[in-house]
Number of protein chains: 2
Amino acid sequence: MDVSARFTAEEIERARRYATAIPPADLDPRIGALVNELIGRVADKWTMMILDILAGHGELRFTRLSELVEGISQKMLTQTLRQMERDGLVVRTVHPVVPPKVEYRLTGLGLSLGSAFCGVWVWAAENLEQVEQARQAFDRRAGTG
Amino acid sequence: MDVSARFTAEEIERARRYATAIPPADLDPRIGALVNELIGRVADKWTMMILDILAGHGELRFTRLSELVEGISQKMLTQTLRQMERDGLVVRTVHPVVPPKVEYRLTGLGLSLGSAFCGVWVWAAENLEQVEQARQAFDRRAGTG
DNA sequence: CCGGATCCCGTGAGATACTG
DNA sequence: CAGTATCTCACGGGATCCGG
């Protein structure tokens, strides 16, 4: 893919700071469909946030997780954790005690996905301001136009 | 963050292949909330897919985009593109001709976000098999247990 | 008491038909 | 061609209930 025809050197340089690998568009279309499906599964904000929290804290209990993952409902936490367990991203350890104690931690696979998402977190942190400015400019245009 | 206490060397090595930057958990909590909000906005599958398609094709018309973004409805395409335009990720160019011609292309900001997501696409492609195996194992456990 | 399953309801996604 | 309008329905959130 020759991007130089479509973007300025500055834009490409900006992008290159974040680039980690080859562009995905050039995949076998057969596999592409499967990849899309998997992306649809893991690329939601709750999965990303849980991944991030678990990567930063190691092993966590259910209630502690629900406190740390800002704004999540128990239902979605349960549901997302179950999906992540099924996909091999987290392990769920039940300690047969009273009161119940259930701990969650990332697998190696989960950790690697967390690392893959890391670039997105950094992008968000570094470009907060720019996005905010773009939004204000857009709203101004919409208001006057 | 010392991850060595929680993961094996092999797991860390696996993660490191995908790692692009520092973990996000160590941010100023004030900014953290804003980052979460922004992540919630951009980290959905349609945004990711549009980003990917536009990064691979340059400039595209509405109908062509709807063909290339597998499974998207016009409504979600319109909505997502509008959001992305507002956030400064794409530019929308209307050519005043009959029939209408509207073209979309990434901005530098959009390209950089696409690059940040690149690691996730690669992860998905490389770990398809593992996730599938994890799912089968999980379902088998659920079935027998 | 903790973890989570269940029920009820509102929002928002998806399909279809229509318009400038 | 590039959207908007409308309908329907599934999914997400909140409250409540339950098993260990």
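None of the values given here were measured: they were computed from a predicted structure. Within every chain, numbering begins at 1; the chains are lettered A, B, ... in the order of the sequence lines, protein sequences first and strands thereafter.
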message: Check this for me, if you would: do B:Arg86 and A:Asp139 make a salt bridge, where the nitrogen-to-carboxylate-oxygen distance has to be below 4.0 angstrom?
response: yes

- prompt: Pick one: which of B:Val90, B:Leu113, B:Leu89 meets side-chain contact (heavy atoms from CB on, under 4.5 Å) with B:Leu106?
  reply: B:Val90

field: Contact boundaries on DNA chain D for chain A, cut-off under 4.0 Å to non-hydrogen atoms
entry: D:dG12 to D:dG20

field: Degree of bending in the helix from C:dC1-D:dG20 to C:dG20-D:dC1 once both end axes are built from five pairs, to 10°
entry: 30°

query: Within the pair A:Arg61 and C:dC2, is there a side-chain N or O less than 4.0 Å away from OP1 or OP2?
result: no

query: Is the shortest side-chain N/O distance from A:Arg82 to OP1 or OP2 of C:dG3 below 4.0 Å?
result: no

Show the nearest heavy-atom pair for residues [X] and [Y], with the distance to one decimal.
X        : Y        : answer
A:Leu111 : A:Ala55  : CD1-CB, 4.5 Å
A:Phe117 : A:Ala43  : CZ-CA, 4.2 Å
A:Gly119 : B:Ala116 : O-CB, 3.6 Å
A:Met84  : A:Arg41  : N-NH1, 4.4 Å
B:Ala124 : A:Ile39  : CB-CD1, 3.9 Å

Could you give the [atom1]-to-[atom2] distance, from [X] to [N], as a whole number of Å?
X       : N      : atom1 : atom2 : value
B:Trp46 : C:dA13 : CH2   : C1'   : 10 Å
A:Leu60 : C:dC2  : CG    : P     : 16 Å
A:Leu81 : C:dA5  : CG    : P     : 11 Å
B:Glu70 : C:dG14 : CD    : C1'   : 16 Å
A:Met76 : C:dG3  : CE    : P     : 19 Å
A:Glu85 : C:dG4  : CD    : C1'   : 13 Å

Could you check whether any side-chain N or O of [X] sits under 3.5 Å from a backbone N or O of [Y], counting only pairs where one atom can act as donor and the other as acceptor?
X        : Y        : answer
A:Thr107 : A:Gly88  : yes
A:Ser112 : A:Leu109 : yes
A:Asp52  : A:Met48  : no

message: Using a 4.0 Å heavy-atom cut-off to protein, can you give one letter per nucleotide of nucleotides 15-20 of chain C, 5' to 3': B if the base is in contact, S if only the sugar-phosphate is, - if neither?
response: BB---B

query: Is the number of heavy atoms from other residues, nucleotides or ligands within 6.0 Å of CD (A:Glu70) greater than 12?
result: no

message: Mind checking if A:Arg64 touches a base, just sugar-phosphate, or nothing, with heavy atoms under 4.0 Å?
response: nothing

